[in-house]
Amino acid sequence: MKVTKFGGSSVANAEQIRKVGSIIKDDPERKIIVVSAPGKRDKDDVKVTDLLIQLAESVLNKEDYTANLQAVLIRFSEITEELEISSSFLSDLEQTIQRIITDDISDRSKMDTLKSIGEDSSAKIISMHLKKLGLDATYLNPKDAGIIVSNEPGQAQILDESYSELYKLREKEDVMVIPGFFGYTKDGDLMTFPRGGSDITGSIVAAGVKADLYENFTDVDSVYSVNPTIVKNPKEITTLTYKEMRELSYAGFSVFHDEALIPAFQHQIPVSIKNTNNPYAPGTLIVAEKRHHEKCVIGIAGDTGFSSLFVSKYLMNREIGFGRKLLQILEDESISFEHAPSGIDDMSVIIRDFNFSYEKEKVVLKRVQEELKPDNIKMHRNLAMVMIVGEGLMSTVGIAKKAATALTTANVNIEMINQGSSDVSMMFGIQSDDLEKAIQSLYEVFFNEE
Ligand code: ASP
């Protein structure tokens, strides 16, 4: 049994939905389908989820929301008319939205419920389309599917009891179409996952039903070894491990939502990334273990928006509790840290900028100064992290040298190196402005010269 998820671009219009229909029909093992809301039809388009957020915002700000509501309805009417789906679908949709708008529920619930409409309608439309194609298909609401989540609007987390509920879906005969992106609390309140969260639903459902494969259809043929907007025609990755994918998506690969891999990873479900526009291309397979490492470095990624807090103190290594106290200050200020490379007398803590406002920086620096009495304390803003990733990295001689040479050739100064704590990646902190040329030079060395 396969769980097959289609992303926003795969359901963006009627033409795409027709492709989805034939992909599902093509393989009887595609029993459970998870769908996103219609995404962008072209680069300047707006995703339905964003239209719904605009609608919710105008409702909550007590502004005139007519135009925003129309924008949502027009997107769906274009799809349903072309697919010849009964017009009662649209009037029901409008009524549902109006009811949510006038319902006496909290602002947060209103926002989440409106946000979920994109996925929900998409699933209903696709199930109707599949029926027209002669399949026994049913729309399945996440509540009926057993997707039980924590009470955190916009940031819901799956609860463990969902998995045994989901397992029961194996008994059903029909093709089931489940909307992605949201679930229900134990009290029955609708909550959405973080943005991009339909991938999370897909992965949860695949784990719950113990699928043989979780297929994730997007609009690219495969995961590439590097961002194709930075390096032209980069090599495709045929197989990669969960760990490699996690590291790559952490450092800016956006093919897959990084949280989404967790359920598949924990339940050892292989994940296949495929292209709705080219479904017979082999795609990329994500697995727990690779038998042989065809290549040592399989990908290079990078992301901006990091800061580093550097603290040094003579004999730091002998001062019991130094690291804990430093991290405690961050915890007190609700700052999560990314990683903390350290030496015998110094420690850097890497933080995402969005987590570390200038006000928080002031408080943190003052407290570190007073409570830890370091010899030196420095803040670096505007950092980028570039990462080379591959399972074979640790067992191959000379990787660090090669990477450092590539960065030197590109005239990029290395502010920080982090290797050792992860056995599948090596990370370099550099100035944000240098990111593109660093990635290009690393790609040249690890992919073109080999
Ligand atoms: N529609 C939601 C979003 O745009 C979730 C998804 O597409 O995965 O974030």
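Quick note: residue numbers are just sequence positions, from 1. Any value given below was found using the heavy atoms of this structure, including those in side chains, with hydrogens, waters and symmetry copies removed. Whatever order the structure lists them in is the order used to number ligands and atoms, beginning at 1.
In the model, D189 has no side-chain atom that pairs as donor or acceptor with a side-chain atom of S109 under 3.5 Å. Side-chain atoms of S198 and E119 include a donor-acceptor pair closer than 3.5 Å. In summary, the side chains of D353 and S307 do present a donor paired with an acceptor at a separation below 3.5 Å, with no hydrogens or angles considered. In summary, the side chains of Q440 and K437 do not present any donor paired with an acceptor at a separation below 3.5 Å, with no hydrogens or angles considered.
For atom 7 (O) of ligand 1, the nearest non-hydrogen atom from the set S9, S36, G8 comes from S36.
Proximity to R195 (heavy-atom distance under 4.0 Å) selects the following atoms of ligand 1: 3 (C), 4 (O), 9 (O). Every atom of ligand 1 is numbered from 1 in the order shown, and the set under 4.0 Å from a heavy atom of E119 is 1 (N), 2 (C), 5 (C), 6 (C), 7 (O). Every atom of ligand 1 with a heavy atom of K47 under 4.0 Å away is listed here by number and element: 4 (O). Counting the atoms of ligand 1 from 1 in the order shown, those under 4.0 Å from a heavy atom of S198 are 5 (C), 6 (C), 7 (O), 8 (O).
Polar contact with ligand 1: absent for D199 (N/O pair, distance under 3.5 Å). In terms of polar-atom proximity, G196 is counted as a contact of ligand 1, with an N or O under 3.5 Å from an N or O of the ligand.
The CZ atom of F76 lies 6.0 Å from the OG atom of S122; values are rounded to the nearest 0.5 Å.
Using a cut-off of 4.0 Å between Lys/Arg side-chain N and Asp/Glu carboxylate O, D120 and K124 are scored as salt-bridged.
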